[in-house]
Amino acid sequence: MEPRLKAKNECSKCMINQDVFERIQGKVLTAPERVNKRGTKPCLFGKGGTCCHVCNMGPCQIVEGVEELRGICGATAATVAARNFGRMVAAGTSAHSDHGRGIAEVFYHTVHGETEDFEIKDEKKLRMVAYYFGLDYKKPVKELAKEVAVNALEEFGKQHGELAFIKRAPEKRQQRWRELGVVPRGVDREVVEMLHRTTVGVDQDYRSLLKASVRCALADGWGGSMLATELQDILFGTPQPLRAVVNLGVLKEDMVNVTVHGHEPEVAEALAIAAQDPEIIKEAEKVGAKGINLAGICCTGNEVLMRRGIPIAGSFVQQELALATGAVEAMVVDVQCIMQNVATVASAYHTAVITVSDKAEIEGAMHIPFDHKHPVESAKKVLREAISRFPKRDKNLVYIPPNKMDVVAGFSHETILYILGGRFRASYKPLNENIINGRILGVAAIVGCDNFRVFEKTHAELAKELIANNILVVVTGCAATSIAREGLLSPEAASLAGDSLREVLEAVGCPPVLHMGSCVDNSRILIALTEMVNAGGLGEDLDDLPAIGCAPEWMSEKAVAIGNYFVGSGACVVFGPNFPTEKSQIATDYLFHEFYHIFGAPWVVARNASEFANIMIDKIKEKRKNLGIDKPKPRVLFDMAMRRALEAPKISPFHGLGCFGPTHLKVEEEEQTAQ
């Protein structure tokens with residue numbers, strides 16, 4: 001068990017690996033120390049969304065209801081809070097979607113023969129994506145892939161019409177979006193329009209601004225993020241369950257340790273290929289190492305964990321501590337969630353921080369541009385730099401903590417279909433039936449970042465409370481790593497679940513918390529919820545489902561975009577420990593109450609794990625009551641007609657593209673029929 005900090009006011013994130021943290025104290029300042037040493041608390045105007053700085057007459061700090069403390073231009077607190085909220089959504093959408101665009105470009109170059117080393121690994125998913133683009137998905141793979149590549153890139157710059165993946169949502173939800181005028185046209189258009197609306201002197205009605213923010217967010221969830229997930233799966237393989245290990249103990253004293261940090265998996269994929277190259281292994285052996293040990297940080301770590309079983313050294317809050325072990329030769333970073341301080345921490349050791357993206361350089365770091373047309377060659381350059389650092393490692397400074405935890409990850413939407421229904425009857429029907437009969441109370445998603453200003457293990461404590469109440473939990477992003485450190489991503493953790501949930505988990509061999517991927521992979525949750533609707537018995541739209549999401553330690557603007565597209569899709573989202581519009585009661589009430597009437601789902605705020613759990617359990621029970629499944633049902637003996645009805649859900653084309661499951665098994669494909 002890890003030791004506890006003595007001072008109660010110290011940042012709890014230090015306790016994750018306190019032994020490492022204590023070794024670095026006095027060498028350089030780290031994020032937890034900066035939190036503890038800051039003499040001022042966050043500005044309440046900025047924290048609550050009522051500081052306006054979109055023109056040079058400000059910044060204006062607005063107090064709601066005080067006429068003389070409106071903006072100089074007369075802007076109200078509600079307008080300013082809505083404007084700032086919209087800008088956060090636009091920034092989060094742009095981050096996920098630029099990631100998606102980057103993958104679309106790699107995909108385009110790959111299928112046109114312009115990129116070495118990568119290839120299409122999931123033809124079934126290629127045909128699925130083609131179906132939603134309105135293409136003839138029966139065409140030969142090479143021809144079809146080129147058409148998909150063009151269509152994928154066009155989704156970003158479209159000016160009119162609807163994003164292709166909007167058709168993946170339930171029909172009732174699509175109709176609601178069209179009636180409200182919030183169907184996104186093109187990803188870039190929605191981001192640009194949101195930024196335009198929020199500039200000085202444009203949209204000055206908080207209701208209009210907040211409604212527009214949903215359109216922008218939907219362009220992320222059903223656009224940029226979903227494209228990123230699907231194209232990554234096609235290129236690098238759709239995740240399937242596998243065992244792996246997390247925490248700093250995955251680093252190795254006798255190997256060249258290279259951590260991959262960021263969000264874009266093509267860099268990590270190339271490094272994984274290059275690390276197995278006999279030539280690179282020989283070079284590592286020449287300097288006294290046994291080989292290359294790759295370990296993930298943050299969402300890049302989740303990507304390669306899901307597909308390759310490469311261990312995760314840590315989440316966002318552990319990135320400095322990974323360097324402080326003194327055992328890392330290189331930290332390779334691309335984009336998003338990378339703290340500038342990693343370069344400072346690395347300077348106290350022999351470690352190189354290597355930036356590879358042309359969008360993201362860091363002062364004090366080394367830059368080795370990543371050539372997307374020659375990915376493995378680029379990866380080898382990075383690994384050679386890491387190898388050259390191994391002889392410079394100071395053994396007196398090396399300390400790798402022994403703590404590590406076994407996990408099972410890789411629960412893509414397709415994997416869940418297979419686990420529940422097998423290769424030939426893949427369906428969410430078993431999940432729905434167990435929710436209807438009460439064995440499973442509902443489904444909860446815990447997503448998002450971890451945060452140095454949160455002083456408890458919110459993710460893990462919340463997950464334990466939910467599964468104990470027979471709620472199946474899915475998780476993505478750094479929340480997944482936080483929960484994994486506590487041992488909740490293993491089948492053995494089913495012992496912590498309520499009796500009826502444990503019975504179901506033991507039958508299918510799943511952990512009580514399912515790791516579904518990185519932060520862009522929240523789009524997998526959207527598809528999973530849609531398939532629950534399609535399977536029948538739990539309503540006709542996402543807002544009918546006994547399902548809820550939360551981001552207990554949100555840090556990035558991406559979390560705001562994610563939450564907003566879930567709310568806009570009909571899933572209630574609980575945010576914490578604060579909310580970005582809290583200093584405007586008017587704007588906050590609109591998001592917390594009027595959004596329920598408009599979209600069928602509200603935002604909610606909670607402060608600690610217990611409050612999160614109570615709200616989420618109550619909301620799920622409320623949905624069950626609305627569906628009329630809150631009371632035990634008598635057993636029904638099914639006749640043949642009822643059994644046939646079970647085998648004919650309203651489904652998407654998943655069931656028209658053959659069988660599911662491990663691709664190495666050769667099984668004759670079903671007849672493909674357009675839906």
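- Of the possible donor and acceptor atoms, one in the side chain of Arg307 sits under 3.5 Å from a partner among the backbone N and O of Gly237.
- With rounding to the nearest 0.5 Å, the separation of CE in Met555 from CG in Asn451 is 7.0 Å.
- At a cut-off of 3.5 Å, with distance as the only test, no side-chain donor of Asn608 or Glu456 sits close to an acceptor on the other residue.
- Ring centroid separation for the pair His372 and Phe370 comes in under the 6.0 Å cut-off.
- With rounding to the nearest 0.5 angstrom, the OH atom of Tyr399 is 9.5 Å from the CD atom of Glu22.
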Worked check of side-chain contact (heavy atoms from CB on, under 4.5 Å) between Met405 and Val245: CA-CA 5 Å; Met405 183 63 67; Val245 185; 5.9 Å; no
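- Rounded to the nearest 0.5 Å, atoms CG (Asp98) and OG (Ser357) are 8.5 Å apart.
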Begin from the C-alpha positions of Asn17 and Thr325 and carry the test side-chain contact (heavy atoms from CB on, under 4.5 Å) through to its verdict. CA-CA 10 Å; Asn17 296 108; Thr325 63; over 6 Å; no
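- In this structure, the side chain of Glu329 engages the main chain of Asn257 through a donor-acceptor pair within 3.5 Å.
- Considering only residues two or more places apart in sequence or on other chains, Tyr108 meets the ring-ring contact (aromatic ring centres under 6.0 Å, His included) condition with His112.
- For the residue pair Lys558 and His263, a side-chain donor N or O sits within less than 3.5 Å of a side-chain acceptor on the partner.
- At least one side-chain heavy atom of Leu501 sits under 4.5 Å from a side-chain heavy atom of Leu505.
- Under the ring pair (Phe, Tyr, Trp, His ring centres under 6.0 Å) criterion, the residue pairs touching residues 225-248 are Phe118-Phe236, with sequence neighbours excluded.
- With no hydrogens or angles considered, a side-chain donor-acceptor pair links His374 and Glu116 at under 3.5 Å.
- Heavy-atom neighbours of Lys359 NZ from other residues, nucleotides or ligands within 6.0 Å: above the threshold of 12.
- Using a 4.5 Å heavy-atom threshold, the side chains of Glu264 and Gln232 count as separate.
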Quick one: do Asp334 and Val356 satisfy side-chain contact (heavy atoms from CB on, under 4.5 Å)? Show the steps, please. CA-CA 6 Å; Asp334 47 59; Val356 293; 4.1 Å; yes
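- In Glu492, the CD atom is crowded: over 12 heavy atoms of neighbouring residues, nucleotides or ligands sit closer than 6.0 Å.
- Between Gln18 and Arg23, the side chains place no donor N or O within less than 3.5 Å of an acceptor N or O (distance only, hydrogens not considered).
- Taking Val398 as the reference, Glu253, Ala327, Arg393, Ile400 meet the side chain to side chain contact (heavy atoms under 4.5 Å, CB included) condition, with sequence neighbours excluded.
- A donor-acceptor contact closer than 3.5 angstrom is absent between the side chains of Tyr349 and Asp394.
- The side-chain contact (heavy atoms from CB on, under 4.5 Å) test with Val447 singles out one residue from Ile525, Asp521, Val475, and that residue is Ile525.
- In summary, the side chains of Gln336 and His261 do not present any donor paired with an acceptor at a separation below 3.5 Å, with no hydrogens or angles considered.
- In the model, Asn403 has no side-chain atom that pairs as donor or acceptor with a side-chain atom of Asn247 under 3.5 Å.
- With His367 contributing its side chain and Thr355 its backbone, the two residues share a donor-acceptor pair below 3.5 Å.
- Checked against side chain to side chain contact (heavy atoms under 4.5 Å, CB included), Pro42 has the following partners two or more places apart in sequence or in another chain: Lys47, Arg453.
- Contact of the Met331 side chain with the Val333 side chain is registered, since non-hydrogen atoms from C-beta on lie closer than 4.5 Å.
- Under 3.5 Å, the side chains of Asp371 and Ser378 contain no donor-acceptor pair of N or O atoms.
- Ser523 and Thr229 share a side-chain donor-acceptor pair at under 3.5 Å.
- Note that the OG atom of Ser225 and the CG atom of Asp220 stand 3.5 Å from one another [nearest 0.5 Å].
- With hydrogens and angles disregarded, no donor-acceptor distance shorter than 3.5 Å links the side chain of Arg524 to the backbone of His413.
- Ser518 is not listed as a side-chain neighbour of Thr476, based on a closest heavy-atom distance of 4.5 Å or more.
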Please step through side chain to side chain donor-acceptor pair (under 3.5 Å) for the pair Ser412 and Thr415, ending with a clear verdict. CA-CA 5 Å; Ser412 60; Thr415 291; 3.0 Å; yes
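- The side-chain hydrogen bond (donor to acceptor under 3.5 Å, both in side chains) search around Ser97 returns none, not counting sequence neighbours.
- Looking only at distances, no side-chain donor or acceptor of Trp554 sits under 3.5 Å from a matching main-chain atom of Gly563.
- Here the closest heavy-atom approach between residue Ala352 and residue Arg389 is recorded as CB-CZ, 3.6 Å.
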Starting from the C-alpha separation in whole Å, work towards a yes-or-no answer on side-chain contact (heavy atoms from CB on, under 4.5 Å) for Val474 and Phe411. CA-CA 9 Å; Val474 298; Phe411 290 93; over 6 Å; no
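- Remark: Glu123 engages Ile120, Val141 in a side chain to side chain contact (heavy atoms under 4.5 Å, CB included) (not counting sequence neighbours).
- The distance from atom CD of Glu230 to atom CG of Leu235, rounded to the nearest 0.5 Å, is 12.0 Å.
- For the pair Cys298 and Cys478, the minimum side-chain heavy-atom distance is below 4.5 Å.
- Thr300 and Glu303 share no donor-acceptor pair across their side chains, judged by distance under 3.5 Å alone.
- Asn470 is not listed as a side-chain neighbour of Arg502, based on a closest heavy-atom distance of 4.5 Å or more.
- For the pair Leu526 and Phe566, the minimum side-chain heavy-atom distance is below 4.5 Å.
- Under a 3.5 Å cut-off, the side chain of Asn469 and the backbone N or O of Glu465 do form a donor-acceptor pair.
- Between the CG atom of Asn36 and the CG atom of Leu29 there is a distance of 10.5 Å, given to the nearest 0.5 Å.
- Looking at heavy atoms from C-beta onward, Phe612 lies out of side-chain contact with Leu466 at the 4.5 angstrom threshold.
- Using modelled atom types, one finds a donor on one side chain and an acceptor on the other under 3.5 Å when comparing His515 with Asn302.
- No side-chain N or O of Ser490 forms a donor-acceptor pair with one of Asp406 less than 3.5 Å apart.
- A donor and an acceptor atom, one from each side chain of Asn341 and Arg34, are located under 3.5 Å apart.
- The 12-atom threshold is exceeded at CD of Glu279, counting heavy atoms of other residues, nucleotides or ligands nearer than 6.0 Å.
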